[in-house]
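Worksheet: one structure, shown below.
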2 protein chains.
Amino acid sequence: MPLQPVSRRSVPDEVFDQVLGEVVSGALGPGEALPSERRLAEVLGVSRPAVREALQRMAQTRLVEVRHGGATTVRDFRRYAGLDLLPSLLVRGGSIDVPVVRSVVEARLLIGPGVAALAAERRDAAHVAQLTATVAAYAGTDDPVERQRHTLAYWDLVVDAADSITFRLLFNSLSAAYEPALPVLASVIGAGESAGAYRVLTAALEEGDPETARAAAERVLRPSTDALLTALNTLDTSRESP
Amino acid sequence: MPLQPVSRRSVPDEVFDQVLGEVVSGALGPGEALPSERRLAEVLGVSRPAVREALQRMAQTRLVEVRHGGATTVRDFRRYAGLDLLPSLLVRGGSIDVPVVRSVVEARLLIGPGVAALAAERRDAAHVAQLTATVAAYAGTDDPVERQRHTLAYWDLVVDAADSITFRLLFNSLSAAYEPALPVLASVIGAGESAGAYRVLTAALEEGDPETARAAAERVLRPSTDALLTALNTLDTSRESP
DNA sequence: TCCCGGATAGTGGTCTGACCACTTGACCAC
DNA sequence: GTGGTCAAGTGGTCAGACCACTATCCGGGA
C-alpha cells in the first residue's frame, strides 16, 4: 500500500471550507449576510482570528464582500469568482459535479488547438526534443493513470512553447482542477487516445505551421473529449432515472 | 472633476501587496525563505495577525508555501499560480506590463471564437434579444471607453449563452484583468472595431451554426487584436531604444 | 406629518501577549 | 553510522481588549 503524507487541516482551512460550501451550494444566496465574525467564532468553537483568516480568503476569492462596520455579505460567485474557484466547484462534497466536468472538457477541446497554434509559431528545438521524449514515455506505458500524467506533461510543454503567461496561468488553473479527478477520468478516456495522434501533433509543432498544429491538436483531443462526454451523459441520465 | 471613492487600504492588504510585489518582481526567487512572521511584523511595524492574514492569502494564491514549524518559502508562480494572479501581473507598480497584455490580447482572440461557437449551439431567444440591444447601445455612442464597456457586456452575454461554468469563470478572471486597463486600451482600439461585425456575429448566433459564429467572432476580434498588437510593438521598441 | 440630527449598538479592523505544535539541527549515546 | 534527545525557532491558535466605522432608531425641529 502506498503511504501518503498525513493531512493536517488547520482551523482556518476548516472554517474556509465550511463557509465556501455554504456559498457554492447555494445555502447562502447572493446578497445574504453572514453571521458576524464573533458569532461565527462562537458557533464554530474557534477564535475570531481564525474566522477572520477564512473570511479574508473568501473575500480574496470574491465570494463574499466584507464592509468595515457593516455585515459581510455573499456575492454571486458565478458572476464574480475567478477560475481558481474551479477545483472547489468540481469536487463539491466528495463527488464530482458532472456539468462542471463537462464544461472543463469542452474548454480543453476549444482552447488546446489555439495554444498549439501559438506554440507552433514560437517553439524551439529544445521544446521539440522534450515533446518527443514525452510521447515516447507515453507510448511506453500501459497504465491509464500514468498515460494521463504524461499527456498533462505534454500539454505543459506545449504551453511552455506557446510562451504566453496568460495561457500558462490558465493551464495551471485547469490542471489544478483536473489533477484530483485524473484517476477517475483516466479509466474513461482509456483507449480513446493514441500515441500516433501525439506524434503527428509533435511533427506539426516541429514543422512550425500554426494551422497544421491546430488541426493536429484537435485530432488529439477529439477522441478523448467524445469519450468523456458520452460517459458523462450516461452518468447524468442514470442518476436522473434510477 | 469626477469624485472617486476614497480607497481605504487595510493593513493586511498593504502587507499582501508588498510581499506579492517582492515575489512577482523576482526580488524573492523560488525556493527562497521569507522572514519569519514575527520578524516581518517587526520590520513592517504591524501586528503578527496582520502579517499572517497576508501570508495565508499568498499561500492561497500558491505564491508561497508555509510549513508549520519550518520557514515560509517562495514558490515558482509561473508554474503554480492560477489565472487570478493575472491582474497583479498586468499592472505591476502603476504601469502595465507589455508582454502580459500581449498574451491577454492573444488569448482573447484564440478563445473568443470557441466561446461563440458554443453559444451558437445553446443560445435562446432571450440571449439574442439582449445581444441585439447591446449592439444598438454600442453603435449609439462615440465615446471609446463607453464602447469598450458595451463590448465587454456583449461578450458577457455570449459567455452566458455558452452555458459553461468554466468559460464563465475564465471570462470573469480575464475581465478582472481587462477592466482596469480598459481606458488605456480603448483609445488604442479606437476605430479598429465596427458595429457591423458585431451585427454579423449576432446574426450568426441567432442562426445557431457554430462554425459561422466562430468565423464571425474571429472577424470581430481580429481588427482590434491587430491594432493592439502593433501598438504594443511600437511601445515595446520605443522603450528599448530611447 | 415629515425630515433631519445625534445617540447607540453592533460590526469589522487591529493590536498585544501568551501558549501550543511542529520542524530543524546539534549533540550524544549506542 | 544509527537512532534518540533536546533546545531553539517557526508557524498555529487563542483570549481579550480597544479603535473605526455603519446601521438604526428616536427625539426635536420644521
Side-chain angles (χ1 to χ4, degrees), chain A residues 3-20 22-23 28-75 77 80, chain B residues 3-20 22-23 28-75 77 80:
Chain A
L3 299 177
Q4 294 184 20
V6 297
S7 77
R8 261 175 317 240
R9 305 176 53 69
S10 75
V11 172
D13 278 356
E14 187 71 35
V15 175
F16 178 80
D17 280 358
Q18 283 202 38
V19 180
L20 181 130
E22 294 290 298
V23 171
L28 283 170
E32 278 189 68
L34 265 60
S36 75
E37 294 182 354
R38 295 168 228 268
R39 182 113 192 81
L40 265 180
E42 188 187 352
V43 171
L44 300 174
V46 300
S47 69
R48 185 145 89 99
V51 171
R52 267 192 69 78
E53 249 175 47
L55 291 186
Q56 290 301 323
R57 287 171 53 191
M58 292 285 292
Q60 163 146 334
T61 321
R62 299 197 288 274
L63 291 172
V64 303
E65 179 177 10
V66 334
R67 281 192 313 269
H68 189 173
T72 297
T73 55
V74 178
R75 303 180 70 179
F77 69 89
Y80 296 107
Chain B
L3 298 177
Q4 293 184 18
V6 296
S7 76
R8 260 176 317 240
R9 306 175 54 68
S10 75
V11 172
D13 278 357
E14 187 71 34
V15 176
F16 178 80
D17 280 358
Q18 283 202 37
V19 180
L20 181 128
E22 294 289 298
V23 171
L28 282 171
E32 277 189 70
L34 264 60
S36 76
E37 293 181 353
R38 294 169 229 268
R39 182 113 192 81
L40 264 179
E42 189 187 351
V43 171
L44 299 174
V46 300
S47 70
R48 187 146 88 97
V51 171
R52 268 192 68 78
E53 248 175 47
L55 290 186
Q56 291 301 324
R57 286 172 52 192
M58 292 285 291
Q60 162 145 334
T61 321
R62 300 198 286 275
L63 292 173
V64 303
E65 179 178 10
V66 333
R67 283 191 312 268
H68 190 173
T72 297
T73 56
V74 177
R75 304 180 69 179
F77 70 89
Y80 296 107

Where the side chain of B:Ser47 is defined as all heavy atoms beyond and including C-beta, which of D:dG11, C:dT24, C:dC15 is the nearest nucleotide?
->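 Among D:dG11, C:dT24, C:dC15, the one nearest the side chain of B:Ser47 is C:dC15.
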Nearest of C:dT24, C:dG13, C:dC22 to any side-chain atom of B:Arg67?
->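 The closest nucleotide is C:dT24.
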Whole-Å distance between [N] [atom2] and [X] [atom1]?
| X | N | atom1 | atom2 | answer |
| --- | --- | --- | --- | --- |
| A:Leu34 | C:dG12 | CG | C1' | 13 Å |
| B:Glu37 | D:dG11 | CD | P | 5 Å |
| A:Arg52 | D:dC14 | CZ | C1' | 15 Å |
| B:Met58 | D:dG11 | CE | C1' | 16 Å |
| B:Glu14 | C:dG13 | CD | P | 16 Å |
| A:Arg48 | D:dG12 | CZ | P | 20 Å |
| A:Glu53 | D:dG12 | CD | C1' | 9 Å |
| B:Glu42 | D:dG11 | CD | P | 14 Å |

What closest approach, in Å, do B:Val74 and B:Gly29 show between heavy atoms, and which atom pair accounts for it?
->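 That closest heavy-atom pairing would be CB-O, 3.4 Å.
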Exercise: identify the closest heavy-atom pair between B:Pro12 and B:Ala54 =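 Shortest heavy-atom contact: O-CB, 3.7 Å.
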What about A:Arg38, does its side chain sit under 3.5 Å from the base of C:dG12 through a donor-acceptor pair?
->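 Such a pair is found, so the answer is yes.
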C:dC30 - base-pair partner by Watson-Crick or wobble geometry, distances under 3.5 Å |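 Across any shown strand, C:dC30 pairs with D:dG1.
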Would you say the side chain of B:Arg62 lies within less than 4.5 Å of the side chain of B:Phe77, judging by non-hydrogen atoms?
->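 Counting from C-beta outward, B:Phe77 and B:Arg62 never come under 4.5 Å.
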Taking for each residue the nucleotide of DNA chain C bearing the nearest heavy atom, is the 5' side occupied by A:Gly70 or by A:Pro49?
->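 Per heavy-atom nearest nucleotide, the more 5' residue is A:Gly70.
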Taking the nucleotide of DNA chain D with the closest heavy atom to each, which residue, A:Gly45 or B:Ala71, is nearer the 5' end?
->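 The residue whose closest nucleotide sits nearer the 5' end is B:Ala71.
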Identify, between B:Val66 and A:Gly69, the residue whose nearest nucleotide on DNA chain D lies closer to the 5' end.
->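 The answer here is B:Val66.
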Output yes when at least one side-chain N/O atom of B:Thr72 is less than 4.0 Å from OP1 or OP2 of D:dG11, else no.
->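 Yes, B:Thr72 has a side-chain N/O under 4.0 Å of OP1/OP2 on D:dG11.
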Below 4.0 angstrom from OP1 or OP2 of D:dG11, is there any side-chain N or O of B:Gln56?
->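 False: B:Gln56 side-chain N/O out of range (4.0 Å or more) of D:dG11 OP1/OP2.
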Trace of the side-chain hydrogen bond (donor to acceptor under 3.5 Å, both in side chains) decision for B:Thr61 with A:Gln60 = CA-CA 9 Å; B:Thr61 321; A:Gln60 163 146 334; 2.8 Å; yes
SB check B:Asp17 B:Arg57 (cutoff 4.0 Å) =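 Not counted as a salt bridge, because no side-chain N and carboxylate O are separated by less than 4.0 Å.
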